[in-house]
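See below for the structure under consideration.
Order of appearance sets the numbers: ligands from 1, and atoms from 1 within every ligand.
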Amino acid sequence: MKLILLGAPGAGKGTQAEVICDKLAIPAISTGNILREAMKNGTEMGRKAKSYIDSGALVPDDVIINIIKERLAADDCKNGFILDGVPRTVAQAEALEEMGVEIDKVVDIEVSDDTIVKRLSGRRVCSACGASYHTLYKPSALPDRCDRCNGQLIVRKDDEPATILERLRTYHELTEPLVDFYKERGKLVVVEGQEEVADTSRLLLEKLGV
Ligand code: AP5
């Protein structure tokens, strides 16, 4: 299955991508994770992306389109994939079509802006392995330490309050138009994000019929 996960920052795309990835044994491709890895490694692409990400803006379309072209050509994508957080602009969605990528379904995870702010301001990520926690909804066993690798938990720079609001503004302006884009193509499935991660997963898998 070839899937796209749409939704505001913090709607739970990354969390649900992991669930679908386990269930269907297809890779989850997050442009956010690819860019953060490039930033960590100090590559040219990472340096270029940093100022956009840290301010809550989108990275330019040409950078993202190159990442996706390269990633989708890999062998593990032959039987399907989950695109988490890409496309994020109409230009990116059109580029996917031009590449001949045939998407089966686009899942839009709907969550209110107020909930988004609560979720993102409580998120903590492991600086070593990238595992994600939440101070209220998914706390680590030891304060500020990763359960998986004991790495230091940190706040993502773009999860700072002013940046969260800017990411939301960018989402409504540039990414939300994709809801209509995929509705017109008959691909859209809407899932209302629930308070419990497992409840969202159950609804999502039901709607995908898997
Ligand atoms: P990216 O990493 O994709 O950021 P994002 O979309 O803002 O995604 P998040 O990881 O913040 O949210 P999510 O929806 O995955 O939520 P999560 O599951 O973590 O991109 C970062 C930046 O890179 C962008 O801002 C942009 O600059 C750039 N970029 C990336 N792709 C790009 C593209 N295609 N074009 C241009 N620029 C691009 O959940 C969030 C929190 O909520 C977690 O703490 C989680 O534990 C908690 N949570 C989740 N579900 C629930 C629930 N049901 N109940 C309670 N808590 C929950």
Please confirm whether G14 comes within less than 3.5 Å of ligand 1 when only nitrogen or oxygen atoms on both sides are compared. yes
For atom 28 (C) of ligand 1, which protein heavy atom lies nearest, and how many Å away is it? L35 CD1, 3.7 Å
Among non-hydrogen protein atoms, atom 52 (C) of ligand 1 lies closest to R119 NH2, 3.3 Å
Nitrogen or oxygen atoms of R156 and ligand 1 under 3.5 Å apart: yes
Sub-4.0 Å atoms of ligand 1 with respect to non-hydrogen atoms of T15: 17 (P), 18 (O), 39 (O), 49 (C)
May I ask you to list the atoms of ligand 1 that are less than 4.0 angstrom from any heavy atom of E195? 52 (C), 53 (N), 54 (N), 55 (C)
Under 4.0 Å from a heavy atom of V59: give me the atoms of ligand 1 that qualify, with their elements. 28 (C), 36 (C), 37 (N)
Using distance alone, determine whether S30 and ligand 1 share an N or O pair under 3.5 Å. no
E196: numbered ligand 1 atoms lying under 4.0 Å from its heavy atoms: 53 (N)
Could you tell me, atom by atom, which parts of ligand 1 come under 4.0 Å of a heavy atom of Q92? 33 (C), 34 (N), 35 (N), 36 (C)
If you measure every N or O of L120 against every N or O of ligand 1, does any of those distances drop under 3.5 Å? no
Considering only non-hydrogen protein atoms, determine which one is nearest to atom 31 (N) of ligand 1 and report residue, atom name and distance to 0.1 Å. T31 OG1, 2.7 Å
min-distance protein heavy atom vs atom 21 (C) of ligand 1 -> R36 NH1, 3.6 Å
Atoms of ligand 1, numbered as shown, that sit under 4.0 Å from any heavy atom of Y133: 44 (O)
Between R88 (side chain only) and L174 (backbone N and O only), is there a donor and an acceptor less than 3.5 Å apart? no
Look at atom 24 (C) of ligand 1 and say which protein heavy atom is nearest, naming residue and atom and giving the distance to 0.1 Å. R88 NH2, 3.8 Å
Out of the candidates L3, L72, L6, only one should pair with L83 under the side chain to side chain contact (heavy atoms under 4.5 Å, CB included) rule; please name it. L72
For atom 46 (O) of ligand 1, what's the nearest protein heavy-atom neighbour? Residue, atom name and distance, please. H134 CB, 3.9 Å
Any nitrogen or oxygen of Y137, main chain or side chain, under 3.5 Å from a nitrogen or oxygen of ligand 1? no
for atom 26 (C) of ligand 1, nearest protein heavy atom and its distance come out as A57 O, 3.6 Å
The closest protein heavy-atom partner of atom 12 (O) of ligand 1 is G10 N, 2.8 Å
Check: D159 N/O within less than 3.5 Å of ligand 1 N/O: no
